[in-house]
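Notes follow the structure.
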Amino acid sequence: MVTDNSSGEMFCGNCGFVVSERIEELGPEWRAFSKEEHEDRSRAGIPTSLAMHDMGLATIIGPVDKDASGKPLSASMKSTIERLRTWDSRSQVHEPVDRNFRQAFSELDRLKDKLAVGDAVIEKAAYVYRKALEKGLVRGRSISALVAAALYAACRDTETPRTLKDIANASNIKKKDVARCYRLLIRELDLKMPVVDPVKCVARIASKAGLSEKTKRKALEILKKAEEGKISAGKDPMGLAAAALYVACVMNGENKTQKDVAEAAGVTEVTIRNRYKGLKTHLRL
Amino acid sequence: MPQTKPIVSIENVVASATVNQTVNLNLITQIFPDVEYHPDQFPGLVFRLRSPKTATLIFSSGKMVCTGAKSEKMAIQAVKNVVLKLKKGGIPLEHEPQIEIQNIVASASLGGKIHLELAARVLPRSMYEPEQFPGLIHRMLDPKTVILLFASGKLVCTGAKKESEVYRAVGNLHTLLEEKNLMIYEG
DNA sequence: AACTTACTTTAGAAAGC
DNA sequence: GCTTTAAAAAGTAAGTT
C-alpha cells in the first residue's frame, strides 16, 4: 500500500487502485472504482490482492527517505517521489479509467508469468503506469505498449535482467514501440535509470549458451579490466558481455563458437568481433 | 583546463513558408517533370533544387517546407529560388513568400572524449541508453535544444531556430561538461 | 573479412488519415 | 500516431563479394 502524503491518497502499489476516502469525496468521476469493487476484483484474483500491499514498492510518498519496510529509497525513487509530491493528481478526470485499469493490470499480470518477474517488479511497473495514467500519457496511445514500457522501466530500475526484446516478445509489441514508450516514460515522469550493466548480461548469456562457471568468472574479470574506462561508452552492453564471454571461452579452452555466443546474446558475430578488437587492444591480449 | 574551442558546423536548416494563395500541384507536375508528387502517400509535392541543394515540399495550400540548406540564408534563398522558378514556369504567384526558420541541425566536436556514464547521472534531463542509441540525449532548456552527445566528444544539436542559439547551446554544454569534470582530455 | 546500404536517435513544419 | 524531407553523430545489422 502506497500513501501519498502530499495529497493524502492511498493506493494499491500493485494495481493502482486508489483507496483513500479523500479521492472518493471528489465524486464518482474521480474514482477508478469503489473499494467494494476493488475487493471483488481482488477476490476474483485478476488485478491484485490486498495481501500484497506491504511488499516491494511499498513506499511512503513524502519528505522521508525510507520505504515502508524501513529500507532507504534509491536515489531514483527519491527524485521520482519528490516530483510526484508536486503533481496535481487531478490531471486526468476521465471515466474510462476503470476500463483502462482493468486492461492494464490484467496485462501486467499476464506478463508477470511470461517473463517470470517478481511481484516487486510488477508493483513498480504498476506504480509507473499509474503515474503515466495520471499525467495523461496514455491518451491516444496503446495501453499494452505503455504497460510493456512500464514493465521494462521496472526491470531496469530493479536491475532485473530482461531485455527490450524479452518484453516485446512477451507482449507482442514491436521492440521499437516499447522502446519509444519507455523513453516517453523516462522523459515525462523524470525517471532516472541505471545504465544496463554488461556484468548483468554475462550470467544470462552464459546460461543460455551453457558456459562454465569459470568462463563466466573470466568474462567478469575481462569486463572489470576493460573497465568502463574507454571502450564501453556508447556500446551495447550485450555486445560487450558477449565479446568478454567469447574471449573467456578462448582463454579457458571452452569450445564455443562466436555464433554460439552471438545467438545466446542476441547480437551478430560481427559485433562480437568488433568488441573483441577493442578488448584485444585495450587489454593488450 | 585544456581550452579547445568547439568546432561547429550547420548541417541542415528547415524552413516553412507560404505564398498566401493556393497552388495547383498537378500543374507544377506538368511543367516540372522532375518533381515527385504522390498524393496517395503524401499531400506534399517534392521540389528539389541543385543549388542550394535542398528539397522543398509544396502543398496545395501554398505552404511549403524547405529542408537541406546549410544556413539560414541559404534556406531563405532556396525558398525564393523555388518561388521564382515556379513563376518562370508559368505558375501565377502574386506574393513574395513569408519565410520562417523552424529548425537547425548542427554537428560539433568538443576538445576531448566524454564520460557518458557519469554525464548521464550528472546532467539533468538527459538519457543514456546504449542498447537503444550510442549517444546521450540531453534536453537543454536555454536555448531550447536537444543535444545528442557521443563518447568521442562529437555531438549533434537540433531544435534551434537561430544559428546563434546553436553556438550558445554548444558553448553552454561545453562549459557544463568541463565544470562537472565530464570531459577527458588527452591525445 | 571488407564493402555497401540501411536503420536506430533528435527537432520541426506541412495536410490528411 | 503515421506518411515525406534532410542531415549529423556512432553503433549495430544485413546482404554481397
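A note on names: the letters A, B, ... follow the listed sequences, proteins ahead of strands, and every chain is numbered from 1.
- At a threshold of 4.0 angstrom between heavy atoms, the contacts of B:T18 with the nucleic acid are absent.
- By the side-chain hydrogen bond (donor to acceptor under 3.5 Å, both in side chains) test, B:Q98 pairs with B:N20, sequence neighbours left out.
- At a cut-off of 3.5 Å, with distance as the only test, a side-chain donor of B:E129 or A:Y182 sits close to an acceptor on the other residue.
- Across all strands shown, B:K144 has heavy atoms under 4.0 Å from sugar-phosphate atoms exclusively, and none from any base.
- Aromatic rings of B:Y37 and B:F32 (six-membered ring for Trp) have centroids beyond the 6.0 Å cut-off, not under it.
- Annotation for A:R130 and A:F101: closest pair CG-CZ, 4.2 Å, computed over non-hydrogen atoms.
- From the 5' end on, the contacts that DNA chain C makes with chain A at under 4.0 Å to a non-hydrogen atom open and close at C:dA1 to C:dT10.
- Taking atom C1' in both D:dA7 and C:dC3, one finds a spacing of 23 Å when rounded to whole Å.
- A residue-by-residue look at A:A179 and A:R273 shows that A:R273 has its nearest nucleotide of DNA chain C further toward the 5' end.
- Residues A:T271 and A:E269 have side chains that never bring a donor and an acceptor to within less than 3.5 angstrom of each other.
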Original post:
Dot-bracket for DNA chain C, 5' to 3', counting Watson-Crick or G-U wobble pairs under 3.5 Å, with [ ] for crossing pairs and | for inter-strand pairs?
Top reply: ||||||||||..|||||

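- The 5' end of DNA chain C is approached more closely, in terms of each residue's nearest nucleotide, by B:I137 than by the other of B:I137 and B:M64.
- Residue B:E36 is classed as a sugar-phosphate contact, given heavy-atom separations below 4.0 Å to backbone atoms only.
- The residue among A:G140 and B:K53 whose nearest nucleotide of DNA chain D lies closer to the 5′ end is A:G140.
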Subject >> B/S/- contact track for nucleotides 8-17 of chain D, protein heavy atom under 4.0 Å >> reply: BBBSSSS---

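- Between B:N103 atom CG and D:dT5 atom C1' there is a gap of 12 Å when expressed in whole angstrom units.
- Scored by the side-chain hydrogen bond (donor to acceptor under 3.5 Å, both in side chains) test, A:Y246 finds no partners at all (sequence neighbours excluded).
- Scanning all heavy atoms of the two residues, the minimum distance from A:L185 to A:A132 falls at CD2-CB, 3.6 Å.
- Of the candidates B:V79, B:I58, B:V14, B:T56, B:V14 is the only one forming a side-chain contact (heavy atoms from CB on, under 4.5 Å) with B:V65.
- Here D:dG1 presents its C1' atom at 16 Å from NZ of A:K174, a figure rounded to the nearest Å.
- B:Q21 contributes a side-chain N or O that, together with a main-chain N or O of B:E94, makes up a donor-acceptor pair within less than 3.5 Å.
- With sequence neighbours excluded, the residues forming a side-chain hydrogen bond (donor to acceptor under 3.5 Å, both in side chains) with A:T257 are A:D260, listed by chain and number.
- Between the side chains of B:N172 and B:Y167, no donor-acceptor pair is found at a separation under 3.5 Å.
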